[in-house]
Amino acid sequence: MYGNLVVRPEDIENWGKKVEQEDPEKLAEFEARIQRGEKIEPWDWMPFEYRRQLIRMIEQHAHSEIIGALPEGTWITRAPNFRRKLALMAKVQDEVGHAQLLYSAAETLGKTREQMINDLLSGKSKYSNIFNYPAKTWADTAIIAWLVDAGAIINQTTNSRGSYGPYVRALERICWEESFHLKYGYDSVVYLATGTPQQRAMLQDALNRWWRPIMHFFGPPDTQSVHTEKLVRWKVKLATNDEMRQQFLDMYVPKIWELGLTIPDPNLRKNPETGKWEYSDPDWDEFWRVINGDGPCNKERLAVRRFAEEKGRWVREALRSPQAQYVTPLA
Amino acid sequence: MASLDPRIQRAEPELWQIPDTALAPLDHWTTYEVFLQKTRGSHAQHVGSLHAPDPEMALVLAKEQYTRRSPCVSLWVVPTACILKTTTEEEGMFHPAVDKTYREPQGYLNTRERLEKYRHRIPPSS
Ligand SMILES: [Fe+2]
Ligand SMILES: [Fe+2]
Ligand SMILES: [Fe+2]
């Protein structure tokens, strides 16, 4: 019998352990289970590398949700009417809730929530690059809720076919909530697109600002990505960056054009022979520059998180029971 | 650049004076497992976990996290540490190698056949 997964913090340091050093019998059993389409649960044996990569991925996803609430949150106090304000608050609350679900899923793998937050605050862990850009007008929030959430849904639906039980379960709940975000975002965009000339201009401006970060959203092209054959076999990675980007373009470019908006890329077109979208180089140097800290909002995003943790500390301390003991969440 | 968010503008300049912070272990409390009964008559189901300082707060946060869209009839929280579960190694004991058809309905599929075959032995009812 068994109470909880115990992984000591010092174990995390040793998680670089090579797959070749794993017990071959256990590794074969683990891979066979995934091959059969079964999920891996926190109490199962798993290779260190599987654990390490999943923690990295789920943790980044959690940080992206919590930081992702900030650009949109910019407009809560100035939403154009009360219904939009309620909807935006609900969406932002959902995103913060997604972070909570994802932190718990990552914790089942043995990294504590405090360690994850510390790594976010210190800049050691990354989050989705797109949230380092500012939401300049109300129309930016509409574009974010429609197109950035659309991208997130493609990514999350893909990942929900993965092999790790707690992550898959969290994603199912998240995807269900995201469908509201997408509908709300599309409704907001259509409202502006069918509005006054100023509203249309505002929307076009927002699209111009967000198109490049959206092209960056799925990550660098496959030609620049590290080899991930093992992660594909373990069902940690289920589609390549380019595959997801193509899926996004297939689904959303026609919808953007339908609204009479111009996508700020003269080279964007679907090649009828290959069936693939072609586009201008979205400047991957900018992507790397921003992800490494030099974007328009990186400093503000982390300062806000640091402020929130620091200012909320006295409340957390006042509530904490001296008998509290850390246990990893069960599943 | 200056923040576009009025809430953040209000927090400035204090915002920029926050020292590098690090959370100590247990800063975000301990964990609870959440169970939810969707409708009257259904079983409560495990839906996930959360961090909370005590059971009452766990219930408040569970309501916020797991029921803010779809209603339910009851919500339970249990400290994770209180749960005892079986291990992967013990999974085998739920799949017994011995024949257990004697305790399953499928173990009783030939009853009709036997009745037909030996019906002649049964005296007519009076
Ligand atoms: Fe989300
Ligand atoms: Fe997301
Ligand atoms: Fe969302």
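Below, chains carry the letters A, B, ... as their sequence lines are ordered, and counting in each starts from 1.
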With chain B, the option among A:Ser321, A:Gly73, A:Ala324, A:Gly312 that has the most non-hydrogen atom pairs under 4.5 Å is A:Gly73
Residue from B:His51, B:Gln17, B:His46 scoring the most non-hydrogen pairs under 4.5 Å with chain A is B:His51
Notebook entry, point to check: Donor-acceptor pair, B:Gln9 side chain versus B:Ser3 backbone, under 3.5 Å?
Noted result: yes
Practice problem: Assess whether atom NZ of A:Lys39 is packed by more than 12 heavy atoms of other residues, nucleotides or ligands within 6.0 Å. | Solution: yes
The interface call for A:Arg169 against chain B, heavy-atom contacts under 4.5 Å, is neither
key: Backbone N/O of A:Ala331 and side chain of A:Thr108: donor-acceptor pair under 3.5 Å   = no
Exercise. Relative to each other, are the rings of A:Tyr167 and A:His61 parallel, tilted or perpendicular (30° and 60° limits)?
Worked result: perpendicular
Counting heavy-atom pairs under 4.5 angstrom with chain A, the leader among B:Val47, B:Thr88, B:Leu23 is B:Leu23
Most contact-rich option vs chain B, by heavy-atom pairs under 4.5 angstrom, among A:Leu302, A:Leu121, A:Ile117, A:Val96, is A:Ile117
Per-residue tally against chain A (heavy atom, under 4.5 Å) across B:Arg69, B:Met57, B:Glu64, B:Glu14 peaks at B:Arg69
Bottom line for A:Leu319: the part with an atom under 4.5 Å from chain B's heavy atoms is both
Bottom line for B:Tyr32: the part with an atom under 4.5 Å from chain A's heavy atoms is neither
Cut-off 4.5 Å, heavy atoms of chain A, and the answer for B:Leu15 is both
Interatomic distance, OG@A:Ser122 vs CG@B:Asp20, rounded to 0.5 Å, equals 8.5 Å
Fill in: Residue A:Gln35 excluded, over 12 heavy atoms near CD under 6.0 Å
no
Check against side-chain hydrogen bond (donor to acceptor under 3.5 Å, both in side chains), A:Glu72 and A:Thr141: CA-CA 5 Å; A:Glu72 293 176 287; A:Thr141 69; over 6 Å; no
Whatever's closer than 4.5 Å to a heavy atom in chain B on A:Arg301 counts as neither
Taking atom CD of B:Glu104 as the centre, report whether more than 12 heavy atoms of other residues, nucleotides or ligands fall under 6.0 Å from it.
-> yes
Side-chain ion pair, B:Asp27 and A:Arg113, N-O less than 4.0 Å: no
Counting heavy-atom pairs under 4.5 angstrom with chain A, the leader among B:Ala11, B:Ala52, B:Pro6 is B:Pro6
Pair B:His43, B:Gln37: side-chain N/O donor-acceptor within cut-off below 3.5 Å: no
Applying a strict 4.5 Å limit to non-hydrogen atoms, the region of A:Gln93 in contact with chain B is both
Ranking A:Glu41, A:Arg306, A:Arg313, A:Gln100 by heavy-atom pairs under 4.5 Å to chain B gives rank one to A:Arg306
The interface call for A:Trp75 against chain B, heavy-atom contacts under 4.5 Å, is neither
Bottom line for A:Ala135: the part with an atom under 4.5 Å from chain B's heavy atoms is backbone
Under 4.5 Å to a heavy atom of chain B? For A:Leu101 that would be both
Highest number of heavy-atom pairs under 4.5 Å with chain A among B:Pro25, B:Ala24, B:Ala22 belongs to B:Ala22
Indicate, with yes or no, if the rings of A:Tyr50 and A:Phe30 have centres closer together than 6.0 Å. yes
Turns out that what part of A:Lys299 lies under 4.5 Å from chain B's heavy atoms comes down to both
Honestly, the part of A:Glu309 sitting under 4.5 Å from a heavy atom of chain B is side chain
Quick one: are the ring centres of A:Tyr103 and A:His63 less than 6.0 Å apart?
yes
